[in-house]
Engineer: 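Have a look at the structure that comes next, please.
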Amino acid sequence: MGSSAGILGTGSELPEKVVTNADLEKLVDTSDQWITDRTGIKERRQARADQTTSELSIHAARKALDMAGITARELDLIICSTISPDMPLPSTAAFIQRGLGASACCAFDLAAACSGFLFGVTVAEQFIKNGKARYVLVIGAELLSRYIDYRDRATCVIFGDGVAAAVLGPVAEPHGILASEMHTDGQFADHLYIPAGGTTRPASCETVQGREHYIKMKGNELFKVAVRSLEEVSRRVLEQAKVCPEQLSLFIPHQANQRITDAVRQRLGVSVEKVYSNISRVGNTSSASIPICLDECIRNGQTKKGDLVLMAAFGAGVTWGGILMRY
Ligand code: ACO
């Protein structure tokens with residue numbers, strides 16, 4: 001029997017502070033009714049001012065290492081997917097490596113927004129399969145509250161903070177990753193972006209006054225692209241592995257909007273009890289969304305060894321990806 005790359009352990013960390021729809025009603029012209037009906041979100045988490053992306057990541061990573069039964073010193077590679085890093089320089093992965101007391105293994109950040117965790121797992125899989133790494137830590141970590149304009153009702157109701165990690169390593173077939181795909185289409189790059197703080201618009205008094213350091217999103221225009229991309233990529237990875245939707249034990253779509261999840265589920269023909277959703281209490285945590293769901297499913301027993309799990313993501317770039325694995 002051969003071996004492939006699979007998930008050995010997961011862990012997640014949500015900040016304690018809960019921000020409810022009622023809290024947001026006090027900040028912008030919105031309502032619990034609108035947010036619930038249009039997104040499915042009731043509350044989201046918000047990190048304390050003194051917490052950082054790397055700090056929460058280290059907590060999540062320790063839980064994942066514990067479940068995997070390995071130490072940080074055994075890691076060969078750390079990939080941190082984030083669009084809300086501790087600092088532009090150095091990588092958040094470097095802080096995580098230091099905080100975990102890992103060896104001087106390669107550690108880098110990956111920027112693919114909501115698809116970032118699946119991109120990271122796909123990269124990790126290549127390293128494990130070609131023998132360049134045995135154990136890889138992949139983290140999806142976002143403190144999006146630092147990049148949200150709490151005067152912009154189009155974005156502040158959706159996004160939340162959260163972090164999750166997975167340790168990947170060799171597993172005996174038929175377990176492990178069965179199929180994966182990653183895609184990017186830059187023609188939609190300005191549909192979801194942070195205008196300032198990079199080389200295009202370096203930070204200045206003007207950019208701060210113009211609130212250009214916050215996330216801007218054409219949510220309405222992304223909606224259809226998200227549904228189409230999530231459906232297509234899901235079908236493609238299922239086809240690659242010759243698995244039909246009825247065989248799935250669990251489908252974890254990126255938690256962008258409950259209406260997107262419902263539309264993709266219906267198009268794919270996956271029954272409702274097989275689709276995991278935590279968006280009502282966590283919101284959209286970008287690259288942390290899928291690994292938080294996966295960790296919750298593993299820890300609450302909803303996902304068991306041998307289950308076929310499909311994960312599909314869509315995010316800024318735009319990026320989208322899918323992974324089918326046998327846990
Ligand atoms: N409260 C009340 N009304 C609102 C709010 C709000 N929070 N936000 C928008 N509205 C209003 C709009 O102003 C508009 O009013 P109008 O008709 O008078 O002009 C009306 O509601 C409808 O606005 P839409 O933008 O069409 O609302 P929609 O139903 O599309 O919902 C949402 C907006 C939730 C953003 C949705 O479009 C969505 O989820 N899009 C997908 C986002 C996504 O997938 N992003 C990629 C992943 S995230 C990442 O990568 C980091």
Side-chain angles (χ1 to χ4, degrees), residues 19-44 53 81-85 110-120 140-163 182-195 214-233 252-264 277 279-280 282-293 311-321:
V19 177
T20 64
N21 291 348
D23 294 328
L24 295 175
E25 283 176 355
K26 294 176 199 142
L27 301 177
V28 287
D29 179 14
T30 191
S31 65
D32 174 45
Q33 182 83 49
W34 191 96
I35 303 170
T36 307
D37 291 349
R38 304 307 292 166
T39 71
I41 301 168
K42 297 297 278 183
E43 59 188 43
R44 69 290 289 149
T53 306
S81 164
T82 185
I83 50 165
S84 43
L110 184 157
C114 305
S115 310
F117 177 74
L118 295 190
F119 278 29
E142 305 293 359
L143 264 58
L144 293 175
S145 61
R146 306 284 160 82
Y147 294 89
I148 288 168
D149 185 350
Y150 286 97
R151 291 186 198 168
D152 177 11
R153 68 178 183 175
T155 51
C156 74
V157 301
I158 296 169
F159 296 111
D161 296 345
V163 169
M182 311 192 283
H183 298 274
T184 302
D185 185 350
Q187 68 167 311
F188 297 103
D190 58 1
H191 280 44
L192 179 49
Y193 72 131
I194 298 172
Y214 295 121
I215 293 172
K216 316 283 178 201
M217 180 168 78
K218 294 178 187 160
N220 181 307
E221 290 173 43
L222 285 175
F223 195 97
K224 284 190 203 122
V225 189
V227 172
R228 194 177 60 231
S229 308
L230 288 166
E231 182 199 356
E232 273 175 19
V233 81
I252 303 178
H254 166 54
Q255 310 287 297
N257 183 320
Q258 188 59 43
R259 290 187 295 132
I260 293 178
T261 295
D262 293 342
V264 174
S277 173
I279 194 167
S280 64
V282 179
N284 178 345
T285 56
S286 191
S287 62
S289 144
I290 288 179
I292 292 171
C293 290
M311 299 175 280
F314 173 84
V318 294
T319 57
W320 66 104

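When a ligand or atom number is given, it counts from 1 through the structure's own listing order. Residue numbers run from 1 in the order of the sequence given. Side-chain atoms are counted along with the backbone in the values below, which use heavy atoms only and exclude waters and symmetry mates. Just so you know, these numbers come straight off a predicted model, no measurement behind them.
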Engineer: To the nearest 0.1 Å, how far is atom 25 (O) of ligand 1 from its closest protein heavy atom, and which atom is that?
Structural biologist: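 Nearest protein contact, heavy atoms only, for atom 25 (O) of ligand 1 is N220 CB, 3.7 Å.
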Engineer: Is the shortest side-chain heavy-atom distance between Q255 and I292 below 4.5 Å?
Structural biologist: no
Engineer: Just to confirm, does any protein heavy atom lie below 4.0 Å from atom 19 (O) of ligand 1?
Structural biologist: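 Given the 4.0 Å cut-off, atom 19 (O) of ligand 1 does not count as touching protein heavy atoms.
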Engineer: Could an N or O of ligand 1 be found under 3.5 Å from any N or O of A256, whether backbone or side chain?
Structural biologist: no
Engineer: Give the ring-plane orientation class for H183 versus W320, where under 30° counts as parallel, over 60° as perpendicular and anything between as tilted.
Structural biologist: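 Ring orientation, 0 to 90° scale: parallel.
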Engineer: Give the atoms of ligand 1, by number and element, whose distance to some non-hydrogen atom of N284 is under 4.0 Å.
Structural biologist: 48 (S)
Engineer: Have a look at S287 and tell me which of S115, S84, S81 forms a side chain to side chain donor-acceptor pair (under 3.5 Å) with it.
Structural biologist: S81
Engineer: Answer yes or no for I158: is there a heavy-atom contact with ligand 1 below 4.0 Å?
Structural biologist: yes
Engineer: Output the distance between atom CD1 (I215) and atom CG (D152), rounded to the nearest 0.5 Å.
Structural biologist: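 Going from CD1 on I215 over to CG on D152, the span is 10.0 Å.
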Engineer: Heavy-atom distances under 4.0 Å are what count here, so tell me which part of V157 touches ligand 1: side chain, backbone, both or neither.
Structural biologist: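 The answer is the side chain.
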Engineer: Measure V28 to ligand 1 on non-hydrogen atoms and call it side chain, backbone, both or neither using the 4.0 Å cut-off.
Structural biologist: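 Neither part.
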Engineer: Please check if any side-chain donor atom of N21 sits under 3.5 Å from a side-chain acceptor atom of E25, or the reverse.
Structural biologist: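 No pair is found: no donor N or O on one side chain lies under 3.5 Å from an acceptor on the other.
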Engineer: So which atom in G140 and which in A288 form the shortest heavy-atom distance, rounded to 0.1 Å?
Structural biologist: O-CB, 3.3 Å
Engineer: Tell me, yes or no, whether the heavy-atom count around K224 atom NZ, taken from other residues, nucleotides or ligands under 6.0 Å, exceeds 12.
Structural biologist: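 Atom NZ in K224 is not crowded, with 12 or fewer foreign heavy atoms closer than 6.0 Å.
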Engineer: For atom 10 (N) of ligand 1, what is the closest protein heavy atom, and at what distance to 0.1 Å?
Structural biologist: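 Answer, as residue, atom name and distance: W34 CZ2, 3.4 Å.
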Engineer: Side-chain donor-acceptor pair under 3.5 Å between K42 and T36, yes or no?
Structural biologist: yes
Engineer: Does the protein place any heavy atom closer than 4.0 Å to atom 2 (C) of ligand 1?
Structural biologist: yes
Engineer: Could you find the nearest protein heavy atom to atom 14 (C) of ligand 1 and give me its residue, atom name and distance?
Structural biologist: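 In this structure, atom 14 (C) of ligand 1 has R153 NH2, 4.6 Å as its nearest protein heavy atom.
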Engineer: With atoms numbered from 1 as shown, which atoms in ligand 1 lie under 4.0 angstrom from a non-hydrogen atom of L192?
Structural biologist: 46 (C), 48 (S), 49 (C), 50 (O), 51 (C)
Engineer: Is there any N or O on R38 that sits under 3.5 Å from an N or O of ligand 1?
Structural biologist: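 The answer is yes, given that R38 and ligand 1 share an N or O pair closer than 3.5 Å.
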Engineer: Looking only at distances, please establish whether an N/O atom of ligand 1 is found under 3.5 Å from an N/O atom of R259.
Structural biologist: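 Yes, at least one N or O pair falls under 3.5 Å.
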Engineer: Are any non-hydrogen protein atoms located under 4.0 Å from atom 16 (P) of ligand 1?
Structural biologist: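 No, because not a single protein heavy atom sits under 4.0 Å from atom 16 (P) of ligand 1.
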Engineer: With heavy atoms under 4.0 Å as the rule, classify the contact between I215 and ligand 1 as side chain, backbone, both or neither.
Structural biologist: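 For I215, no heavy atom sits under 4.0 Å from ligand 1.
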Engineer: If we ignore angles and hydrogens, is there a donor and acceptor under 3.5 Å between the side chains of Q258 and S277?
Structural biologist: yes
Engineer: N/O to N/O below 3.5 Å, does that happen between H254 and ligand 1?
Structural biologist: no
Engineer: Would you mind listing which atoms of ligand 1 come within a distance below 4.0 Å of any non-hydrogen atom of N257?
Structural biologist: 34 (C), 36 (C), 38 (C), 39 (O)
Engineer: For residues I83 and E142, determine if any side-chain heavy atom of one lies less than 4.5 Å from a side-chain heavy atom of the other.
Structural biologist: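 Side chain of I83 against side chain of E142, heavy atoms only: contact under 4.5 Å found.
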Engineer: Just which atoms of ligand 1 are under 4.0 Å from any heavy atom in T39?
Structural biologist: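 In order of number, 34 (C).
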Engineer: Using distance alone, determine whether G315 and ligand 1 share an N or O pair under 3.5 Å.
Structural biologist: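 In fact, backbone or side chain, G315 has no N or O that close.
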Engineer: Check each atom of ligand 1 against the heavy atoms of I260 and keep those under 4.0 Å away; list them by number with element.
Structural biologist: 41 (C), 44 (O)
Engineer: Are any non-hydrogen side-chain atoms of I279 and T39 less than 4.5 angstrom apart?
Structural biologist: no
Engineer: Heavy-atom contacts with A113 under 4.0 Å: which atoms of ligand 1 show up? List them by number with element.
Structural biologist: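 Checking each atom against A113, I get 50 (O).
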Engineer: Does any non-hydrogen side-chain atom of F314 lie less than 4.5 Å from one of P253?
Structural biologist: no
Engineer: With atom 37 (O) of ligand 1 as the reference point, say which of G219, A313, C114 has the nearest heavy atom.
Structural biologist: G219
Engineer: Just jot down the ligand 1 atoms closer than 4.0 angstrom to any heavy atom of S286, in number order.
Structural biologist: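 With S286 as reference, the close atoms of ligand 1 come out as 51 (C).
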Engineer: Got a salt bridge between D37 and R259, using NZ or NE/NH1/NH2 to carboxylate O under 4.0 Å?
Structural biologist: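 Salt bridge flag = no for R259 with D37.
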Engineer: Do the side chains of F117 and L110 get nearer than 4.5 Å, heavy atoms only?
Structural biologist: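 Of all side-chain heavy-atom pairs linking F117 with L110, none is under 4.5 Å.
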